[in-house]
Protein chains: 2
Amino acid sequence: METGLPKFDSAFSIDCVIFGFDAGELKVLLIERNEDPFKDWWALPGNLVENDESIEDAATRILYELTNLRDMHMEQFHTFGEVKRHPLGRVITVAYYALIRILGHKEVKPITQYAKKTSWHPVNTLPKLGFDHNEIFETSIQKLRRRLSYQPIAFELLPEKFTLTQLQLLYEAILNKKLDKRNFRKKMISYGFLKELDEKQKGVSYRAAKLYKFDKRKYFKIFQNDMNLES
Amino acid sequence: METGLPKFDSAFSIDCVIFGFDAGELKVLLIERNEDPFKDWWALPGNLVENDESIEDAATRILYELTNLRDMHMEQFHTFGEVKRHPLGRVITVAYYALIRILGHKEVKPITQYAKKTSWHPVNTLPKLGFDHNEIFETSIQKLRRRLSYQPIAFELLPEKFTLTQLQLLYEAILNKKLDKRNFRKKMISYGFLKELDEKQKGVSYRAAKLYKFDKRKYFKIFQNDMNLES
DNA sequence: TTTACATAGTGTAAAAAATACACATTATAT
DNA sequence: ATATAATGTGTATTTTTTACACTATGTAAA
């Protein structure tokens with residue numbers, strides 16, 4: 001391939017699948033690329049890792065530069081290393097997923113010029129993405145599903161105070177299947193890490209639901225032993 | 001740090017945790033390094049990824065060169081990217097675990113000069129390893145435990161024909177806890193992917209146990225749906 | 001103030017899965 | 001014949017999961 005663009009021999013990058021939950025839908029934040037290769041395509045936010053930063057730090061930095069977002073839950077899930085996955089050279093990429101409370105981040109402006117803009121896309125109708133990013137996305141959601149059952153992932157995607165219905169909708173969105181309301185509530189409450197608040201939902205034109213909080217301390221007290229085994 | 005050794009700016013490597021099961025114990029194959037850094041230390045087999053090979057291919061190649069072993073089950077589990085994890089320069093390493101039937105591979109001779117020798121170590125008494133390899137090992141066994149419950153990992157570690165007691169010992173070794181014999185057998189058999197053979201164990205000085213085979217085809221027929229969800 | 005609406009919130013019975021538990025059987029070696 | 005060492009087996013109890021439908025409540029509109 002001859003593009004006239006600079007080539008590099010080999011590098012590592014981070015790519016990031018940023019999940020959010022809004023309007024009952026699971027969404028992913030994509031960027032519209034402003035540079036070749038794949039200029040004008042949608043892609044996952046990502047960039048090269050510098051030599052003096054750990055991959056964790058790089059993930060945090062890159063995400064910040066491309067989305068102006070900080071302090072979200074991030075986790076590595078797979079590394080992609082096909083030789084030809086990047087058209088300009090050998091780039092091995094470590095993929096992370098990030099979970100954010102979309103609320104208040106509906107409009108996310110990239111800081112660098114590398115991305116024209118960003119926008120949230122429902123996971124069920126993602127466009128064709130640059131590089132091998134569709135594959136990376138597929139892997140991410142499979143990992144997310146699996147981890148949902150043994151890590152308190154869901155609460156990273158919800159506002160601090162949430163209703164049980166919201167929680168259920170989120171589980172349904174991630175697992176991509178309907179759950180039974182009564183069984184879901186029974187089970188969630190039986191875990192003992194949800195704190196029922198003396199507060200109700202506001203601004204709805206029907207009976208307001210009770211609000212709950214996720215009690216992290218209790219969670220880790222309860223699952224301490226298991227969590228050591230797993231990862 | 002000034003060692004007189006060549007430095008490199010940045011590179012990726014593969015490190016590999018090779019599990020085997022022998023004499024009722026879970027073991028890991030370590031190499032004794034023949035080169036600095038960490039010359040004469042025990043370490044996980046690993047080496048740099050070449051520019052023209054995928055990380056999968058690199059993992060296969062490196063393992064072959066260092067252990068003379070091929071065609072084992074390998075799976076990526078985590079990527080380690082601390083800046084200072086390698087004393088000679090920036091090396092990001094993709095860690096794999098590999099599962100082999102130890103039988104017939106009790107003595108493994110390295111092909112390259114890079115390793116002096118290799119030897120199997122029980123997982124419970126690993127020596128101090130070079131680099132961050134103790135951490136890599138810890139992560140590997142946690143992943144292995146988790147995956148044991150949804151992937152047919154155990155059968156990669158046993159001979160083709162095995163007894164239920166052997167299978168149970170292996171589960172106990174990986175999970176690091178005792179299991180109930182009757183319940184274990186009931187459950188394993190209920191899955192329906194074990195094929196009972198018309199053959200018995202040989203060479204034991206007590207009642208010989210029935211031999212079983214893992215029926216891969218059946219396994220995938222049964223767990224098709226689940227396996228799609230997971231990964 | 002009544003009514004329509006939309007979602008919240010609740011319990012039970014049945015089925016399935018997990019657990020706890022101990023002894024008779026059988027092949028080999030002496 | 002006997003000792004030995006591990007194999008192979010069943011049941012009752014508890015826990016977890018599943019299936020299933022109606023009443024309660026707050027808001028908004030008539």
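Treat the numbers as computed from the prediction; the structure is a model and nothing was measured. Protein chains get the first letters and strands the later ones, always in sequence-line order, with residue 1 at the start of each. The basis for the numbers below is simple: all heavy atoms, side chains too, and nothing from hydrogens, waters or symmetry mates.
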Fill in: A:E65 side chain to A:I62 backbone, donor-acceptor under 3.5 Å
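A pair under 3.5 Å: no.
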
Discussion item. Each nucleotide in nucleotides 2-11 of chain C should get exactly one letter: B, S or -. Can you fill that in based on protein heavy atoms under 4.0 Å?
Written reply: ----BBBBBB

Item to complete: Check whether the side chains of A:T165 and A:R185 place a donor and an acceptor atom closer than 3.5 Å, and report yes or no.
Response: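 Short answer, yes.
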
Fill in: Nearest-0.5 Å distance that lies between atom CD1 in B:I153 and atom CG in B:L158
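B:I153 atom CD1 to B:L158 atom CG measures 12.0 Å (nearest 0.5 Å).
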
Practice prompt. Report yes or no: is the cationic atom of B:R70 (NZ for Lys, CZ for Arg) closer than 6.0 Å to the six-membered ring centre of B:Y64, at no more than 45° off its axis?
Written response: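 Cation-pi check for B:R70 and B:Y64: passes.
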
Worksheet item: Hey, does the Lys NZ or Arg CZ of B:R146 hover above the aromatic six-ring of A:Y150, less than 6.0 Å from the centre and inside 45° of the axis?
Response: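 That pair qualifies as a cation-pi contact.
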
Practice prompt. Measure from the ring center of A:H121 to the ring center of A:W42 and say whether it is less than 6.0 Å.
Written response: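 Centroid distance A:H121-A:W42: below 6.0 Å, so yes.
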
Fill in: Interface limits on DNA chain D, where chain A has a heavy atom under 4.0 Å of a nucleotide atom
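The contact span of chain A on DNA chain D goes from D:dT17 to D:dA28.
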
Worksheet entry | With B:F80 via ring-ring contact (aromatic ring centres under 6.0 Å, His included) - residues at least two apart |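 Testing B:F80 for ring-ring contact (aromatic ring centres under 6.0 Å, His included), a comparison that skips the adjacent residues, returns B:H78.
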
